[in-house]
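Here is the structure we will look at, set down as structure tokens.
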Amino acid sequence: MKKTLFMAVFAALVSLPMLAWGQKTIYFNDDFASGLTSTNWNIPASSEIASAGGPAYVVQFSQPSMVAVGWCYDPGADFIGDQYGRPVATTPLEGTYILVTHAHTLDSGVDNMVTFDYIAYAAAAGANRNFGLMVRETGGEWDTIYRLCGEGEAMPAEGEGSPAVKLPDTYGGKTVELAFFFTVSNQPEGSWYAFFIGNVMFASYYTEPTVVPSIAVGRFEYENFGKKVRLNLRNGGSTTITEGSFSYSLNGGEAVDAGNLVRSSLAMGASLTADIALNGDLTEGMNVLTVWPTSLNEAPVADPDTMYWHFSTDTAAASAYVPVMEVFSASWCGPCNTMNHYLNDALKTLYLEGKISPVKFQQSGDRYAIAIGNDRYMYYYDMTQGYVPAPIYNAETNITDWTNQYVGMMTRLKVEAAEAHARKAMAGMELVNVVVDSAAREISFEVHVTPLADMRLNLVPVVTEGTVSKYKGTNGEKAFHWVALAAPAGSYGEEVQLTAGETSVFSYKVDMTSTLVEEYADLEVMCFLQDVATREIYNSCTFDVREDEIVLNVSTEKDELADVRLYPNPARGYFHVSGLENAQIEIFDLMGRKVYGQEKAGGDVTISTDGFEAGAYVVRISQDGKVSVRKITVVK
């Protein structure tokens, strides 16, 4: 049976904020939202396999309950297939393959645990596949501490689970590495199989009952903010919790009994949410909420782990909310042309009014498609349902579900965006110090974020171009608008910790060399804050280089081509570029617009300035992997 896997939503909870964890120490926590990274994993020490599209260590895939990595042999594209851009082994795997962590020094006197989710699929059950976990002191011998199957037992053709593996107490206080391993041998030719892991956490847990609260901020309604809060309660001990009573105080006031908030059994590492209504006086400015457990499993907590959460009710400090429109389309998609005919005008109006932040992700098969576009599409798969066009409004809905008439969709879109914009936002956002350098082919910018409460979210910046038209495709569209060209923080952005009332600054410099940017003066930047677990978008902002004040072409002249000459300078009527050999010449005005281009130039080239306005220009010459950037002045 052919199996196709997609991701609808992350299962791993990202609470806001994680000011305290129940665990004593989290060595690492990975839900693979950004794929396999060197942050947690010692990639050079892991096993490399031959795969479609080049060597790989493990395969990443997405499905409704988790994003995961693992091992897969799929010669007939029966399982996940190359059509989703996931590399699979091109030759059958044979032997043992390992995925190794970086070294961590463990706590003593606690339960050091590894928890993870796994999912296994294969054409048939087999005793010649197995999976497990090993540990070793750094540089020592591996000690196998978990196997999915015993010796001689058959791994099932399909299965999933969430093991919790305790490291032997002898490793307490030592510096260790972990390794997930997958073994396979004597597999029938052409028989596909795969094993994946996700939501990996390596942490130490208290041996006594421990539950620590953190804030899980839901959709922000300013008028109700501060009157009721939602807590995330996580069991950080190795003992199951069946009762947990809590108290809280506001701004250092008297303790208030919140009662038993653990309404169901809470196993190690598990979490649940609970609401508490705040009975107390809030200040107009900054407030602090303190929450702590008073009893667990009906035993008093002598030394509770306390959460402190800061938030503001200062209405003057609140910003207007700007929703996001993520559009998934393609130049080969006939219905996309019809959708964009209506959507572009509506988005333009809302965009210019500052009531929406648009971005379009062209899909596979389109020249403007980029990796983030596919990842974002799969992230919303329950709303895209495998089809384009798919205009996703504010990570909440596919607007094609509103009505089957585009006129009706656009009418409702304007109403929805206006109502959202009238709300107050949890965080103010601003893009500043935006610098586009067409000669260096880069854009740099800063994102300033000022939240009303302590939060941990993902910050997602995207560089777009207002209008592109070079690669028109086959569906009749003559131009594409707000097309995503680059995502400097990846498909899901970077996780950031924000402190109430404080402005955090995040800086980016984006190399646009390998993008399909057509006019640097037409570049735009959009950025939004999102909880990747709940999809909640907390605010967004945009910067349009055509409308906003911006610095362009600030590159200092550099010369890696000493034998290339450019003369006369200033130029009147023409100038020469000599010493060329199969070179590329590009000339930009000071607005970043490309005004001249020539490929495969050789010898001495004469360039007429008849079509140039008087003023300064930047000449970029690329040859043999070297670049020369020079400025020339045209006089009339």
Side-chain angles (χ1 to χ4, degrees), residues 11-15 18-31 40-41 66 99-118 131-138 140-148 150 161-181 197-214 232-244 246 261-262 264-272 292-307:
L13 179 67
V14 181
S15 65
M18 288 303 229
L19 297 181
W21 290 79
Q23 290 82 354
K24 184 174 186 295
T25 302
I26 293 182
Y27 307 120
F28 74 86
N29 182 23
D30 201 342
D31 61 9
N40 299 318
W41 308 96
M66 66 176 171
L99 177 59
V100 184
T101 71
H102 293 303
H104 298 273
T105 301
L106 304 187
D107 295 325
S108 300
V110 296
D111 290 336
N112 289 295
M113 307 285 297
V114 183
T115 58
F116 57 93
D117 298 330
Y118 77 83
F131 168 81
L133 181 66
M134 302 184 295
V135 63
R136 70 176 180 183
E137 288 190 62
T138 302
E141 296 294 324
W142 288 111
D143 177 13
T144 299
I145 56 175
Y146 171 81
R147 287 180 183 272
L148 180 61
S162 300
V165 182
K166 181 179 181 297
L167 273 64
D169 293 336
T170 54
Y171 287 101
K174 298 179 179 178
T175 301
V176 304
E177 301 164 285
L178 300 177
F180 289 96
F181 68 85
I197 56 173
N199 302 327
V200 178
M201 178 179 285
F202 181 28
S204 65
Y205 293 77
Y206 294 104
T207 55
E208 66 273 12
T210 304
V211 176
V212 175
S214 60
N232 176 61
L233 304 178
R234 185 180 183 91
N235 184 353
S238 55
T239 302
T240 296
I241 304 297
T242 57
E243 179 273 341
F246 286 79
L261 300 182
V262 179
S264 61
S265 181
L266 196 59
M268 182 198 72
S271 61
L272 55 79
W292 64 95
T294 55
S295 70
L296 296 173
N297 290 347
E298 301 183 349
V301 179
D303 185 20
D305 198 346
T306 303
M307 180 204 76

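Heavy-atom basis, side chains included; hydrogens, waters and symmetry copies ignored. Just so it is clear, the model here is predicted, and its values are computed rather than measured.
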Could you tell me which residues satisfy side chain to side chain contact (heavy atoms under 4.5 Å, CB included) with [X], sequence neighbours excluded, listed by chain and number?
X: Thr105; result: Thr175
X: Thr239; result: Pro209, Asn297
X: Ser162; result: Asp117

Whether the side chain of [X] engages the backbone of [Y] through a donor-acceptor N/O pair (distance < 3.5 Å, no angle test) should be reported.
X: Thr207; Y: Tyr205; value: no
X: Ser108; Y: Gly173; value: yes
X: Ser204; Y: Thr25; value: yes
X: Asn235; Y: Leu266; value: yes

Inset, instruction - With sequence neighbours left out, write down each residue that passes ring-ring contact (aromatic ring centres under 6.0 Å, His included) with Phe181, or none if nothing qualifies. - result: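 ring-ring contact (aromatic ring centres under 6.0 Å, His included) list for Phe181, sorted by chain: empty.
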Sequence neighbours excluded, which residues qualify as salt bridge (charged side-chain N to carboxylate O under 4.0 Å, His left out) partners of [X]?
X: Glu177; result: Arg136
X: Asp143; result: none
X: Glu137; result: Lys174

Inset, instruction - Take the angle between the ring planes of Phe180 and Phe131 and call it parallel below 30°, perpendicular above 60°, tilted in between. - result: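 It falls in the parallel class, under 30°.
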Legend entry - Parallel, tilted or perpendicular: ring planes of His104 versus Phe202, cut at 30 and 60 degrees: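 His104 vs Phe202 ring planes: perpendicular.
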Inset, instruction - Applying side-chain hydrogen bond (donor to acceptor under 3.5 Å, both in side chains), name anything that partners Thr115, two or more places apart in sequence or on another chain. - result: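 Listed in chain order: nothing, the list is empty.
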